[in-house]
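Fair warning: this is a prediction, and the values are worked out from it, not measured in the lab.
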Amino acid sequence: MAGVREPPPAHAPLPERESLHVEFKSDRKPLADNDLIEAVVCMANAEGGSIYLGVEDDGTPTGISDKHADPLRLSGLVASRTVPPVVVRVDLVSVGDVSVAQIQVPAASRIVGTTSGVYRQRRIMGDGKPGCAPMHPSDLDSRSSSLGILDVTKRLISEATLDDLDPVWRARLPQVIEENRGDASLLAIDQQQRDAALGLISRQPDGRWVPTLLGMLLVGRESSLQNFVPTHEVAFQVVEGSDVRTNLFSRAPLLRIVEWLGTVMEPVNPEQEFFRGPYRVGIPRFDRLAFREAVANALVHRDYSVLGTVFVRLRDDVLSISNPGGFISGVGIDNLLSTEPRARNPALADAFKRLGLVERNGRGVELIYRGQLLYARPLPSYAQSTPYTVVLRIPFAAADAVFMQMILEEETRRSRPLPIESLIALSTLRQHKRLSSPELATLIQHDASNAAAVLEALRELGFVQSQGRGKTSTYILSPSTYERLGGKSEYVRQAGFAIPQQRAMIQEYAASHGAITTAEAMELCGLSEDQARRRLKDLVAEGKLVEGGARGNRIYSRTQPE
């Protein structure tokens, strides 16, 4: 039955301190049922975690009371006093000479309350410590949007009128669509129909057209935005050392924000000149398409129900773009490249797509990655993101123009872009020289079999070659790739690095199986017959293998055959 588990071994360790995912509750009195249920609701409305009942705030285990010593009753109490019911797992944990109850609370897929109507959420408080805070209407909206069950940008702003929308930007929508190759069907209808089709306005039962939050965000007058959407703000900063060289803030409509950020970025985004045949190619410091996609993502996916600023900041050769609101439920830094696209604000995301301001297929993250990988620059990083803020960091590095030319030539030959997974593999090999399937799997956020398929496809195209077999196999750039990149000697060095690995693999195989043949060494290490024989003869000469068997059917063992 749900909630019942065998107690774990005695002396199970406790976490050292409380955190967003760990809470200690004393049960010496014992703890009131209402307090326990509110603690569960609080944890469920955040990221889930464990409540340790019978532990003091300082982490000292003092034991559970008889009232809470039955795991079945405890899990039943939680389910009966929460709406919708929260199913928890309860384990009795022996710590020293006392028992405590570990109540494992899952993150709820809907907002959870107590049966008496209390809604709370675990978060970092003003003193920097975790605690439970009441959920106000704006918090409920924020949580609902992060779970993907509420789109706040579709809401009507009933107090506003069409006069709160900027007539200049409403009139410019067709131009925006044409310039960005957006949805051409929007050009064949009049302004009011276009605004309605985009979700900027909605008709009320009395016949009045009223702006939505989406409409206000996209084309609202700046004064109206400050009045009706006080949470909206965007900043552009350039920081050099400890000096802030540029510090600009704006509350303009999003269409203007997109143009403004592109304009203010240009002076700090110089180009590196590169000639491709007779043509000059300018390589920007930061890829413009990737920059626009990253900015659009921050504007589209930010949480408009909470106060905060979208920051675009250039500091110490790193471009960072951050927005209020963590990742939407089901999306995180470990699956950005592999999960299905989803938006915190679907109506706003759809409007950006139809206007041509973002990728129509929803794979904008891939464009951000491509903007780095095409030039063999370091991968973008979301590692500094928190539950409350998404932070994208794009590091600057000098472009590898020769690598870029090789990729562009291959894509011209194929008449389509290389998959992002292939670019990650090639760029990583260009920088780090050697790569295994498990290592690539982590980078592309897929399993090892998918990573192996990516590497094998690149091998068939002639870009890479394998070294070794099975779990120990690795890949390096092929001789032809190094030649195209102007580094023949680099290939010789990298191929040479594999020799100690091959020798170790041969010795291990011989020890495990008693002996090894030339054919087996070829298969094991991916060697030619001559290469395999050289490795085996070298090991024989060093006394690490003994040669035996008939001529033409030689075997190599670790010990002298009797």
Side-chain angles (χ1 to χ4, degrees), residues 421-422 424-444 446-562:
E421 294 84 1
S422 298
I424 290 174
L426 289 173
S427 181
T428 303
L429 282 169
R430 178 62 164 159
Q431 296 176 57
H432 302 292
K433 313 306 180 185
R434 191 173 294 276
L435 186 64
S436 67
S437 294
E439 289 168 340
L440 180 59
T442 300
L443 295 174
I444 67 174
H446 279 286
D447 57 33
S449 62
N450 282 328
V454 171
L455 289 166
E456 278 301 299
L458 289 173
R459 187 184 63 79
E460 292 175 3
L461 289 172
F463 280 108
V464 305
Q465 70 177 43
S466 61
Q467 298 274 350
R469 288 288 187 272
K471 294 181 179 179
T472 60
S473 66
T474 58
Y475 289 79
I476 63 174
L477 295 176
S478 67
S480 61
T481 300
Y482 271 116
E483 185 173 357
R484 294 169 73 178
L485 296 174
K488 291 182 181 179
S489 60
E490 183 65 24
Y491 168 74
V492 175
R493 286 195 296 272
Q494 290 308 314
F497 290 157
I499 293 175
Q501 180 187 24
Q502 294 163 4
R503 290 161 54 91
M505 291 164 59
I506 290 171
Q507 292 179 77
E508 182 180 350
Y509 186 96
S512 299
H513 297 83
I516 186 170
T517 66
T518 302
E520 288 169 339
M522 292 169 59
E523 175 67 20
L524 178 67
C525 300
L527 301 173
S528 68
E529 185 174 357
D530 285 344
Q531 289 172 325
R533 283 176 176 169
R534 283 199 298 271
R535 302 291 182 273
L536 292 165
K537 292 293 185 182
D538 288 345
L539 290 169
V540 170
E542 295 171 11
K544 295 178 179 177
L545 290 180
V546 176
E547 186 176 6
R551 182 179 296 275
N553 189 28
R554 309 297 280 171
I555 61 172
Y556 301 83
S557 59
R558 290 291 298 270
T559 57
Q560 177 69 43
E562 296 181 0

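Put simply, the side chain of Ser480 gets close to the backbone of Gly462: a donor and an acceptor are under 3.5 Å apart. Under a 3.5 Å cut-off, the side chain of His513 and the backbone N or O of Tyr509 do form a donor-acceptor pair. Here the side chain of Ser557 pairs no donor or acceptor atom with the backbone of Ala515 at under 3.5 angstrom.
The distance from atom OG1 of Thr481 to atom CG of Leu426, rounded to the nearest 0.5 Å, is 7.5 Å. Summarising the geometry, atom OG1 belonging to Thr428 is positioned 5.0 Å from atom CG belonging to Leu443; distances are rounded to the nearest 0.5 Å. If you take CG on Leu435 and CG on Leu440, they are separated by 5.0 Å, rounding to the nearest 0.5 Å. Taking OG1 of Thr474 as the reference point, atom NZ of Lys433 lies at 14.5 Å (rounded to 0.5 Å). With rounding to the nearest 0.5 Å, the separation of OG1 in Thr518 from CD in Glu520 is 9.0 Å.
For the side chain to side chain contact (heavy atoms under 4.5 Å, CB included) test, residues two or more places apart in sequence or in another chain that qualify with Asp447 are Ser449, Asn450.
Side chains of Glu456 and Arg459 form a contact here, defined as non-hydrogen atoms less than 4.5 Å apart. A 4.5 Å side-chain heavy-atom check between Gln465 and Ile476 finds at least one atom pair inside the cut-off. A 4.5 Å side-chain heavy-atom check between Lys544 and Arg503 finds at least one atom pair inside the cut-off. Looking at heavy atoms from C-beta onward, Tyr556 lies out of side-chain contact with Arg535 at the 4.5 angstrom threshold. Under the 4.5 Å side-chain criterion, counting only non-hydrogen atoms from C-beta, Leu536 is not in contact with Thr517. Side-chain contact between Ile506 and Leu545 is present, with heavy atoms from C-beta onward closer than 4.5 Å.
Of all the heavy atoms in Leu455 and Ser437, the pair that sits closest is CD1-OG, 3.8 Å. Summarising the geometry of Tyr475 relative to Val464, their closest heavy-atom pair is CD2-CG2, 3.8 Å, with the distance given to 0.1 Å. For Leu458 against Ala425, the heavy-atom pair with the smallest separation is CD1-CB, 3.7 Å. Looking at every heavy atom in both residues, Leu539 comes nearest to Gln507 through CD2-NE2, 3.8 Å.
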